[in-house]
Amino acid sequence: MRLIVIAVGGVLGSLARYGLDLALPWTGGIAWSTLLVNVVGSLLIGLVATTIVHARPWVHPFVIVGVLGGFTTFSAFALQAGTLLDTGQVPAALGYVALTLVGGLVAVEAGAALGTRLRGVTT
Amino acid sequence: MWLAVVVGAAVGAPLRYAVEMAVTERTRHARWHEFPWGPLLVNALGSAIAGVVVALADGQVRTLLLTGFCGAFTTFSGFAWRAHSLRSISRGAWWWTVLGITASCVAAFWLAWRLAGG
């Protein structure tokens with residue numbers, strides 16, 4: 001059932017995110033582990049959504065909704081930016097938000113461009 | 001701790017899907033149907049829940065709800081993909097949508113956190 005496939009993917013993606021959080025804990029300033037998962041996750045969704053998403057029916061629920069949805073996070077991003085602002089670290093907060101948004105949006109464009117090019121090569 | 005993440009995520013991810021499906025259905029014929037209402041709702045709601053959790057919870061419970069549930073319930077990749085789609089149909093306005101959703105989520109977190117006593 002689709003919800004189970006999504007749950008499994010979500011668990012895998014979240015565990016990967018958790019592992020990165022443990023490896024690069026946030027000690028103030030830029031939250032590198034969250035920035036990493038969000039930018040890499042954005043690159044991957046661009047790539048997957050333009051290539052293999054229609055190859056199998058489980059790719060969308062498992063990879064896109066599940067794994068990538070679980071791997072990336074908006075709540076941690078909001079928490080970190082909000083905490084930085086609350087403690088008066090405005091330049092760090094703005095820098096972190098800018099890095100995440102620009103990084104994530106450039107990544108999704110790059111992933112989509114690459115995926116589109118790959119599809120063009122194989123058809 | 002890993003189990004806490006598993007349990008939280010196993011609930012968060014399918015719930016995100018259910019909410020986004022419901023939102024898409026309800027806004028399909030609405031005026032601004034291209035606006036990412038789904039990502040806005042799950043991300044703002046997830047951020048607010050995170051604010052409450054940070055104020056009130058510790059240890060395993062915190063990990064389950066924050067890293068597990070909120071992390072899986074919210075999404076940056078889905079948000080990024082919708083922004084990418086918006087960009088291809090509306091040359092300028094998409095940036096405001098991105099900033100607006102981000103600001104809403106940061107505000108939702110902070111407000112919920114403060115209201116919960118953080």
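In the text below, chain A, chain B and the rest are named by the order of the sequence lines, each starting its count at 1.
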Next on the checklist: Using a 4.5 angstrom heavy-atom cutoff, name the option from A:Thr73, A:Leu12, A:Val39 with the most pairs to chain B.
Outcome noted: A:Thr73
Next on the checklist: Between A:Leu43 and chain B, with a heavy-atom cut-off of 4.5 Å, which part of the residue counts as in contact: side chain, backbone, both or neither?
Outcome noted: neither
Checklist outcome for this item: One should read off an interatomic distance between B:Ile101 CD1 and A:Phe74 CZ, to the nearest 0.5 angstrom, of 7.0 Å
Next on the checklist: Is B:Trp110 close to chain A through its backbone or its side chain, or both, or neither, when contacts mean heavy atoms under 4.5 Å?
Outcome noted: side chain
Item to check | chain B contact via A:Thr34 - which portion, at a heavy-atom distance below 4.5 Å | outcome: neither
Next on the checklist: If we ignore hydrogens and angles and just use 3.5 Å, is the side chain of A:Ser75 paired with the main-chain N or O of B:Ala50 as donor and acceptor?
Outcome noted: no
Checklist entry - Non-hydrogen atoms of chain B under 4.5 Å away: do they reach the side chain of A:Phe71, the backbone, both or neither? => result neither
Next on the checklist: I'd like to know which of A:Val8, A:Ile6, A:Asp21 tops the heavy-atom pair count under 4.5 Å against chain B.
Outcome noted: A:Ile6
Checklist entry - Between B:Thr102, B:Val7, B:Val98, which has the largest tally of heavy atom pairs under 4.5 Å with chain A? => result B:Thr102
Checklist entry - Where is the tightest heavy-atom contact between A:Leu68 and B:Ser77, given as atom of each residue plus distance? => result O-OG, 3.2 Å
Checklist entry - For chain B, which residues from residues 84-93 of chain A have at least one heavy atom closer than 4.5 Å to it? => result A:Leu85, A:Asp86
Item to check | Atom group of B:Phe76 that falls short of 4.5 Å from chain A, counting heavy atoms | outcome: both
Checklist outcome for this item: Ranked by heavy-atom pairs below 4.5 Å to chain A, first place among B:Gly51, B:Ala108, B:Gly46, B:Cys70 goes to B:Cys70
